[in-house]
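Only heavy atoms go into these numbers, but all of them, side chains included; no hydrogens, no water, no symmetry mates. In what follows, chains carry the letters A, B, and so on, assigned in the order in which the sequence lines appear, proteins first and then strands, with residues in each chain numbered from 1. Values in this document were obtained by computation on a predicted structure and should not be read as measured data.
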There are 2 protein chains.
Amino acid sequence: MVPGVGDVFRAIAEPTRRALLDELAERDGQTLFDLCSRLAVKHDLTPTRQAVSQHLAVLEDAGLVSTRREGRYKFHRLDTRPLRAIAERWPVPPDDPDDPEPREDRP
Amino acid sequence: MVPGVGDVFRAIAEPTRRALLDELAERDGQTLFDLCSRLAVKHDLTPTRQAVSQHLAVLEDAGLVSTRREGRYKFHRLDTRPLRAIAERWPVPPDDPDDPEPREDRP
DNA sequence: ACCATACGCAAGTCCAGACTTGCCTGTCAA
DNA sequence: TTGACAGGCAAGTCTGGACTTGCGTATGGT
């Protein structure tokens with residue numbers, strides 16, 4: 001498929017998909033089953049294998065994940081470059097330490 | 001409401017809301033009606049006033065838009081700081097010019 | 001007082017998309 | 001070949017959320 005960059009924004013709108021990106025950021029080249037078990041153990045997420053597979057497809061569509069087949073395995077790799085479009089679209093001012101502003105809710 | 005930063009990711013997943021952010025990035029302090037007409041003229045989007053109002057509420061929830069009441073007017077202001085969480089969560093490598101990678105689909 | 005303006009609230013409709021279920025294909029090892 | 005394993009495909013369910021409709025509430029002008 002020619003990368004029309006199937007909506008990066010929509011891709012990262014889903015918590016499970018964000019967790020998948022987190023996992024891949026920590027360790028590249030994981031398989032579908034690897035990611036399934038890591039989601040369960042580290043994120044308390046227990047979607048079915050097919051659900052995860054569909055999420056990975058969305059991420060791949062968005063260009064955020066690239067894959068490499070090897071025998072019966074399919075390895076997944078994170079590609080953060082599409083995220084650059086966000087930073088470029090709405091430039092963020094430099095961080096101001098004493099600025100009581102919302103922080104993200106991650107563990 | 002205490003800013004739990006009501007999902008910044010979900011907020012920017014919607015095309016109309018992204019257009020609203022674009023408008024506010026270009027000109028701060030616009031009212032609901034201002035934004036409605038600009039959406040129509042510049043983005044070919046014609047949602048009803050209520051739809052836009054609801055979108056703005058979502059953006060405000062996410063901390064991406066702050067508001068200031070003045071008489072019967074309510075002015076909206078863009079705040080990109082919550083977007084910093086995205087850049088920090090998945091660091092983007094420095095730009096490599098000869099790198100045939102997806103670009104965004106904006107006009 | 002009156003009316004237009006600027007906006008909010010609440011209930012209802014409707015569809016994209018997240019998730020499941022069931023079955024199928026391909027790969028490797030014994 | 002047989003079985004286990006890694007993954008894909010397709011159809012169906014169901015819920016969140018985008019959008020509309022209709023009415024209500026302030027504010028400001030004349």
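The backbone N or O of A/Thr31 sits less than 3.5 Å from a side-chain atom of A/Asp34, completing a donor-acceptor pair. Within the 3.5 Å criterion, the main-chain N or O of B/Ala62 finds no donor-acceptor partner in the side chain of B/Asp7. Between the B/Glu23 side chain and the B/Arg38 main chain, no donor and acceptor come within less than 3.5 Å of each other. Side-chain atoms of B/Arg68 never come within 3.5 Å of backbone atoms of B/Arg77 as a donor-acceptor pair (strictly under, hydrogens ignored). Between the B/Thr80 side chain and the B/Leu83 main chain, no donor and acceptor come within less than 3.5 Å of each other. A donor-acceptor pair is defined here as one N or O able to donate and one able to accept, closer than 3.5 Å; no such pair exists between the side chain of A/Arg89 and the backbone of B/Asp22. Remark: the backbone N or O of B/Ala13 is paired with a side-chain donor or acceptor of B/Arg18 at under 3.5 angstrom.
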Checklist entry - For nucleotides 20-30 of chain C, read 5' to 3', which letter fits each nucleotide if B means a protein heavy atom sits under 4.0 Å from the base, S means only the sugar-phosphate is that close, and - means neither? => result BBB----BS--

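One atom, CG of B/Leu59, and another, P of D/dG17, lie 14 Å apart when rounded to the nearest Å. Summarising the geometry, the separation between CZ on B/Arg18 and P on D/dA18 is reported as 12 Å, rounded to the nearest angstrom. The nearest whole Å value for the distance from the NZ atom in B/Lys74 to the C1' atom in C/dC9 is 13 Å. Computed from coordinates, the A/Asp7 CG to C/dA18 P distance equals 11 Å when rounded to whole Å. With rounding to whole Å, B/Asp61 atom CG is found 13 Å from C/dG8 atom P. Per the geometry, NE2 belonging to A/His55 stands 17 Å off C1' belonging to D/dG7, to the nearest Å. Per the geometry, CD belonging to B/Glu14 stands 14 Å off C1' belonging to C/dG17, to the nearest Å. Rounding to whole angstrom units, CG of residue B/Leu32 and C1' of C/dT5 are separated by 12 Å.
For B/Tyr73, counting side-chain heavy atoms from C-beta on, the closest listed nucleotide (C/dG8, C/dA6, D/dG7) is C/dA6.
Taking side-chain N and O atoms only, B/Arg69 has no distance below 4.0 Å to OP1 or OP2 of D/dT27. Between A/Arg10 and D/dG17 there is no side-chain N or O to OP1 or OP2 distance below 4.0 Å. For B/Thr31, no side-chain nitrogen or oxygen approaches OP1 or OP2 of C/dA6 to under 4.0 Å.
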